[in-house]
Amino acid sequence: MDDFDLLRSSWPEILDTLKKEPVLTSVSFNSWIKPLIPQKIEQGELFIVVPEGMMAISVLNKKYLMLIRVAIEEVTGLSLRIRFVAPDPSVKDDAKESREENAFERAHLNPKYTFDTFVVGNNSKFAYSAALAVAEQPGEVFNPLYLYSGVGLGKTHLMHSIAHFILENDPSKRVLYVTSETFTNELIDAIRNRNNQALSEFRDRYRNIDVLLIDDIQFIIGKESTQEEFFHTFNALYGAKKQVIVSSDKPPRELDILEERIRSRLEMGLTADISRPDYETRMAILRKMQETEGFRLGEEIMDYIASNITSNIRILEGCFNRIKAKSLLEKREVDLSIAEDILKDFISPEKERRITADMIVDAVSEHFHLTREDLTSRKRNSEIAYPRKVAMYLCRELTTDSQQAIAQILARTDHTTVISACRSIEKKIQTSDETKRDVDVIRKKLNSGV
Ligand code: ADP
Ligand code: MG
């Protein structure tokens, strides 16, 4: 639980404490204190929305600031500075806004993660469309929706986007987003209480909803009672035609320890993956950041970042933010050589080499003493088929090429060949030292450029 969660769950108690304060009459309590809405905590500062606006803010600042601070500290132990803020003036219907805000808060959503702020590239087009379709008709088109990708590629962003979209259309919809860690912890708490009430409250919470989003489902794997509870939750919601959305770092069939019955449930709906973004998409994401952050990097630096950070958008954002911070702090423009220095932890010199599928085919041929023609031939004997699979696996790992493109380079007509090759090599790496060594040696050669 973070500080803000603690504060929000203690808010009723904080109000009670204030109510008992002798210097506060019940009229003042009702007019000034009761309507307050805690909004967020940033760097030790608590933002509180004052629905009544500026007049109330000045009264609060003059008369009640210390009282509120003390009550918060008394109840939660948190020592916070307080800033009262007016509601967003662009919103006309205050009551509606605060209802919606509450709905978003209840659903645990990050306001920045919406469909509007998601940059769609070839790598994410399918997942994006699937997410939008589900958001438009929850429970009706693809149920469950299963999203998977490597870290930092936008799963959480898309899940929050779906939840935002549904709540914006219909704030009365009961939408719940949780990480699988939260799900697990809440379940453990409920079980630990050893009374049936706690467990039935847990079940009510997860089953009486319209849309359930569980992020990073891979973390419930192997935890038997959590898996079991998830299975029942899933069945209850699915049976009632409620939408379930799940994300993971792997496709369902690769969730090794997951029970078969759960795996097959997860495969019933639609599965969509997000692969690594290509260069154009990475540039587009940086451009979008320039817009939303109101800070320009310049083409040269953007190109430098986009050429070097290929596999994780969170790191791409991290690079942007570091340069922005440095520039604002030192009040000067950042040029490429300063940028290189700032980003040296993210971009190491050996990673600057861009590895292409062609280079991989060459390196693999050389390693196995074959020719390029062998690898791209129709031959299926294992002396050739195995190196070919290694080549496909390395293309998938080291380049951003699509499965189709990789199939083409190795003269295969069907991209599913690439999928099964990758799976086969991944398994072999676990079980055979020889395969692990082959892959490591070729990867090293490619990285060092010899
Ligand atoms: P994951 O859950 O897959 O690890 P996140 O959804 O947390 O990834 O994304 C990491 C960061 O990158 C977030 O700040 C997110 O907003 C941003 N991001 C990811 N994909 C995109 C995208 N296509 N467009 C814009 N921002 C993105
Ligand atoms: Mg995530």
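Indexing begins at 1, ligand by ligand and atom by atom, following the structure's order.
- Looking at Arg314, Glu317, His160 and measuring to atom 10 (C) of ligand 1, the nearest heavy atom belongs to Arg314.
- In terms of protein heavy-atom proximity, atom 2 (O) of ligand 1 is nearest to Thr156 OG1, 2.8 Å.
- No side-chain heavy atom of Ile188 sits less than 4.5 Å from a side-chain heavy atom of Lys223.
- By the 3.5 Å distance cut-off applied to N or O atoms, Phe118 is not counted among the residues near ligand 1.
- Figure legend: cation-pi geometry between Arg265 and Tyr238 absent, as NZ or CZ is not positioned both under 6.0 Å from the six-membered ring centre and within 45° of its axis.
- Of the protein's non-hydrogen atoms, the one nearest atom 4 (O) of ligand 1 is Gly152 N, 2.7 Å.
- Salt bridge present: Lys326 and Glu330 bring a charged side-chain N and a carboxylate O closer than 4.0 Å.
- Using a 4.5 Å heavy-atom cutoff, the side chains of Thr184 and Phe219 are not in contact.
- Polar contact with ligand 1: present for Val119 (N/O pair, distance under 3.5 Å).
- Near Gly154, meaning under 4.0 Å from one of its heavy atoms, ligand 1 places the atoms 1 (P), 3 (O), 5 (P), 6 (O), 8 (O), 9 (O), 19 (C), 20 (N).
- Proximity to Ile313 (heavy-atom distance under 4.0 Å) selects the following atoms of ligand 1: 12 (O), 17 (C), 18 (N), 19 (C), 20 (N), 21 (C), 27 (C).
- Proximity annotation for atom 25 (C) of ligand 1: of Thr117, Asp116, Asp216, Thr117 comes nearest, heavy atoms only.
- Salt-bridge check for Lys436 with Asp433: failed, with every basic side-chain N at 4.0 Å or more from each acidic carboxylate O.
- Between the side chains of Asn122 and Lys125, at least one donor-acceptor pair of N or O atoms lies under 3.5 Å.
- Polar contact with ligand 1: absent for Val120 (N/O pair, distance under 3.5 Å).
- Those atoms of ligand 1 with a heavy atom of Val151 less than 4.0 angstrom away are 4 (O).
- Nearest residue to atom 26 (N) of ligand 1 from Lys112, Lys155, His157 is His157 (criterion: closest heavy atom).
- Of all atoms in ligand 1, listed by their number and element, those nearer than 4.0 Å to a heavy atom of Ser149 are 3 (O).
- Residue Ile285 has no nitrogen or oxygen atom sitting less than 3.5 Å from a nitrogen or oxygen atom of ligand 1, judged on distance alone.
- Defined by atom type and a distance below 3.5 Å, a donor-acceptor pair is missing between the side-chain atoms of Thr179 and Asp215.
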Please set out all donor-acceptor pairs under 3.5 angstrom arising from side-chain atoms of residues 422-430, sequence neighbours excluded.
none

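- Residue contact check for ligand 1: Ser124 places no non-hydrogen atom closer than 4.0 Å to it.
- Of all protein N/O/S atoms, those lying under 2.8 Å from the Mg ion (ligand 2) come to 1.
- Among Lys241, Lys173, Gln243, Lys242, the single residue meeting the side-chain hydrogen bond (donor to acceptor under 3.5 Å, both in side chains) criterion with Asp210 is Lys242.
- At most 12 heavy atoms of other shown residues, nucleotides or ligands fall within 6.0 angstrom of atom CZ in Arg296.
- When each of Leu65, Ile82, Leu36 is paired with Leu60, the side-chain contact (heavy atoms from CB on, under 4.5 Å) condition holds for Leu36 and for no other.
- When heavy-atom distances to ligand 1 are checked against a 4.0 Å cut-off, Ser247 has no atom that comes that close, whether in backbone or side chain.
- A ring pair (Phe, Tyr, Trp, His ring centres under 6.0 Å) with His157 is found for one member of Tyr113, Tyr177, Tyr128 and no other, namely Tyr113.
- With hydrogens and angles ignored, the 3.5 Å screen pairs a side-chain donor or acceptor of Ser180 with a backbone N or O of Asp216.
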